[in-house]
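One-based numbering, in listed order, for ligands and for the atoms of each.
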Amino acid sequence: MNKDLLRMDNLSKDEILDILNLADQLKYEKKHGIEHPLLKGKSLGMIFEKSSTRTRVSFEVGMYELGGNPLFLSSKDLQIGRGEPIQDTARVLSRYLDGIMIRTFSQKGIEILAEASSIPIINGLTDDEHPCQILADLMTIREKKLILDGLKVAYIGDGNNMCNSLIVGCLTLGMHISIANPQGYKPPKYYIDKGNELALKNNVSFTMTNLPKDAVKDADVVITDVWASMGQESEAQKRMIAFKGYQVNKELMSLAKDDALVLHCLPAHREEEITEEILEAHADEIFEEAENRLHAQKAILVKLLSK
Ligand code: CP
Ligand code: NVA
C-alpha cells in the first residue's frame, strides 16, 4: 500500500477491497457495541481550506472511535495561511502527528505536501479528486447490491472531483461506467485516458456521452453531484444554463433499472442536479452513503496509520 491516499489510482483492486471489507467489519462492530481502539495514541491533523460537514465530522468521530486523537486545523489559523512554505509545514507536522487529512484546492499542492511529509497524507477532497467519498460510495453499493463486479454505474453532471475518482474506482473494481457531461464540462484528459486504459485492462466499458438518457439506460446505480463545486461559486449562473437537461429526475430514472440506486455525496441542491422527489425516494441509500463515510474512513485510517 502507498504511504498516502492522494488519488483513487493510489489503490489497487485488492487494496480497495481490503478497505471495504475492514469498513464493513468496523460498521458491524460499532453497531454491536464492540470497541476497536486500533489507533490508540495516534494523532491525526485535519487541515481544511474549504467548508465541510461530513468529512470533518466523520474523520473526527472516526479517530475518537479508533482510540486516537483528531486535531482540527483551519488553514486560516495555521502559518500556511500567512505564507509559511507547505514543505516546512509538512516537515514540522510530521514530527508531531501520525497522519494528515487535508481538504484543499490544488491536487499539485497535496502532492507537494505528501512528498515533504514522512507521515501518511489523506485527500479529503481537492479540485481533482474525492477518493474517501468514492470508497464510501462503493461500500454503499456493495451493501445494497451485494456485488460490485459487472454492475453498471451512470454519472450525470460535472466532470469534477467526484466524477474523476468514480471513473477510476469503478473501472478498477470491474464495474462499467457511463458518464454524461455537457460540452465543456468533461473530466480532464488524464481521467479520460486513465478510464480508457482501465476499461481495456479490466474488460469493462467506459462510455462518455452528452446525453444523460443514454448514460442511465439500464444502470444499476445513478450518481450525480452539484453543478458548481466549492471554489466555482462565481460560475453558478453560467453553469445553471450549461447543465439544463442534466437533472436526475423521475423521467430520467425511468430509463435505469427498476431497482437502481441513486447516490449523491451531499450537499444536494434540490431541483437543480436532483429533484426533491428522487432524493427523498432514495434517501435510504443516500443517507447510508453519508453514514458510510465514517466506516470507510476509519478503515482508511487503520490501513494507513497503523503501519
Ligand atoms: N460529501 C462531502 O464530502 O461532504 P462535506 O463537504 O460536508 O464534507
Ligand atoms: N464536487 C463537490 C463535492 C462536495 C462534497 C465540491 O467539490 O464542492
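For the pair Arg56 and ligand 1, the shortest N or O to N or O distance does not fall below 3.5 Å. Ligand 2 has an N or O atom lying under 3.5 Å from an N or O atom of Met230, backbone or side chain. Taking only nitrogen or oxygen atoms, main chain and side chain alike, Asp225 reaches within less than 3.5 Å of ligand 2. In terms of N/O distances under 3.5 Å, ligand 2 is approached by Asn161. The shortest N or O to N or O distance between Arg103 and ligand 2 is not under 3.5 Å.
The nearest protein atom to atom 6 (O) of ligand 1, hydrogens excluded, is given as Arg103 NH1, 2.8 Å; this is a heavy-atom distance. The nearest protein atom to atom 4 (C) of ligand 2, hydrogens excluded, is given as Leu125 CD1, 3.9 Å; this is a heavy-atom distance. Ranking protein heavy atoms by distance to atom 7 (O) of ligand 1, first place goes to Thr53 N, 2.7 Å. Arg54 NE, 2.8 Å is the protein heavy atom nearest to atom 4 (O) of ligand 1.
For the pair Arg54 and Phe59, the cation-pi criterion (under 6.0 Å, within 45° of the ring axis) is not fulfilled.
Less than 4.0 angstrom separates some heavy atom of Asn160 from each of these atoms of ligand 2: 1 (N). Remark: ligand 2 atoms within the under-4.0 Å shell around heavy atoms of Leu266 are 5 (C). Contact atoms of ligand 1 toward Arg293: 1 (N), 2 (C), 3 (O) (distance under 4.0 Å to a heavy atom of the residue). Interface atoms of ligand 1 facing Cys265, defined by a heavy-atom separation under 4.0 Å, are 1 (N).
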Next item on the list: Start with the C-alpha gap between Ile179 and Phe206, add the side-chain angles, then the distance that decides, and say whether side-chain contact (heavy atoms from CB on, under 4.5 Å) holds.
Entry: CA-CA 8 Å; Ile179 64 171; Phe206 169 49; 4.2 Å; yes
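With salt bridges taken as basic N to acidic carboxylate O contacts below 4.0 Å, none links Lys76 and Glu49. Salt-bridge check for Asp218 with Lys152: failed, with every basic side-chain N at 4.0 Å or more from each acidic carboxylate O. Using a 4.0 Å cut-off between charged side-chain N and carboxylate O, Glu60 and Arg56 make a salt bridge.
Within 6.0 Å of CD on Glu280 lie more than 12 heavy atoms contributed by other residues, nucleotides or ligands.
No side-chain donor-acceptor contact under 3.5 Å links Ser306 to the backbone of Lys303. Side-chain atoms of Lys42 never come within 3.5 Å of backbone atoms of Met63 as a donor-acceptor pair (strictly under, hydrogens ignored).
With a heavy-atom cut-off of 4.0 Å, Leu266 touches ligand 1 through its backbone alone.
Proximity of Thr55 to ligand 2 is not established, as no heavy-atom distance is less than 4.0 Å.
A donor and an acceptor atom, one from each side chain of Asn2 and Arg7, are nowhere located under 3.5 Å apart.
A ring-centre distance under 6.0 Å is not found for Tyr185 and Tyr246.
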